[in-house]
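Structure first, commentary second.
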Amino acid sequence: MINRKHVQRLSSSLVMSSFMSMALSDVFSFLEFGISWTWLDVWGQSILVALPIAFSLDMLLGGKLRAFSGKLADKAASAWP
């Protein structure tokens, strides 16, 4: 049986990596090609490359980065008057 925490981590990584890979490949391909059929074609291909890379990086480094950002946010909140 799969642990609920593992399923949450996998789904979180999938959602975040999907959003980031779609958004970033959209922006950078749009800057290169403008609105055109070429842009749509390149954007679709870019997502297929970016998604597995983003998912892998999130699975490998996501937990540590979330912990680091949490500590950073705590320090910032405690320093705020």
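Index from 1, following the sequence. Quantities reported herein were computed from a predicted structural model and do not represent experimental measurements.
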key: Heavy atoms from other residues, nucleotides or ligands near CD1 of Ile35 exceed 12 (cutoff 6.0 Å)   =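 Counting neighbours around CD1 of Ile35, 12 or fewer heavy atoms of other residues, nucleotides or ligands fall under 6.0 Å, so no.
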inquiry  = For Asp58 and Arg66: C-alpha separation, side-chain torsions, deciding distance, then whether side-chain contact (heavy atoms from CB on, under 4.5 Å) applies.
reply    = CA-CA 10 Å; Asp58 191 72; Arg66 284 185 212 31; 3.4 Å; yes
Taking a hydrophobic cluster as the set of Ile, Leu, Val, Met, Phe, Trp and Tyr residues connected by side-chain heavy atoms closer than 4.5 Å, whether directly or through intermediates, do [X] and [Y] fall within one such cluster?
X     : Y     : value
Phe33 : Ile47 : yes
Phe28 : Met20 : yes
Val27 : Met16 : yes
Leu24 : Val49 : no
Ile53 : Leu60 : yes

message = Run the ring-ring contact (aromatic ring centres under 6.0 Å, His included) test against Phe68 and tell me which residues pass, sequence neighbours left out.
response =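 In terms of ring-ring contact (aromatic ring centres under 6.0 Å, His included), with neighbours along the sequence ignored, Phe68 is linked to no residue.
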message = Could you work out, with side chain to side chain contact (heavy atoms under 4.5 Å, CB included) as the rule, every residue matching Asp26, not counting sequence neighbours?
response =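 Trp39, Trp43.
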Where [X] and [Y] come nearest, the two heavy atoms and their spacing:
X     : Y     : result
Ser25 : Ser46 : CB-CB, 3.6 Å
Met59 : Leu10 : CE-CD2, 3.6 Å
Val42 : Ser29 : CG1-CB, 4.1 Å

Euclidean distance, [Y] [atom2] relative to [X] [atom1], rounded to 0.5 Å:
X     : Y     : atom1 : atom2 : answer
Leu72 : Leu65 : CG    : CG    : 11.5 Å
Ser18 : Leu51 : OG    : CG    : 4.5 Å
Ser21 : Leu48 : OG    : CG    : 9.5 Å

inquiry  = Filter on salt bridge (charged side-chain N to carboxylate O under 4.0 Å, His left out), then keep only pairs touching residues 30-46, sequence neighbours left out; what's left?
reply    =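 Sorted pair list comes back empty.
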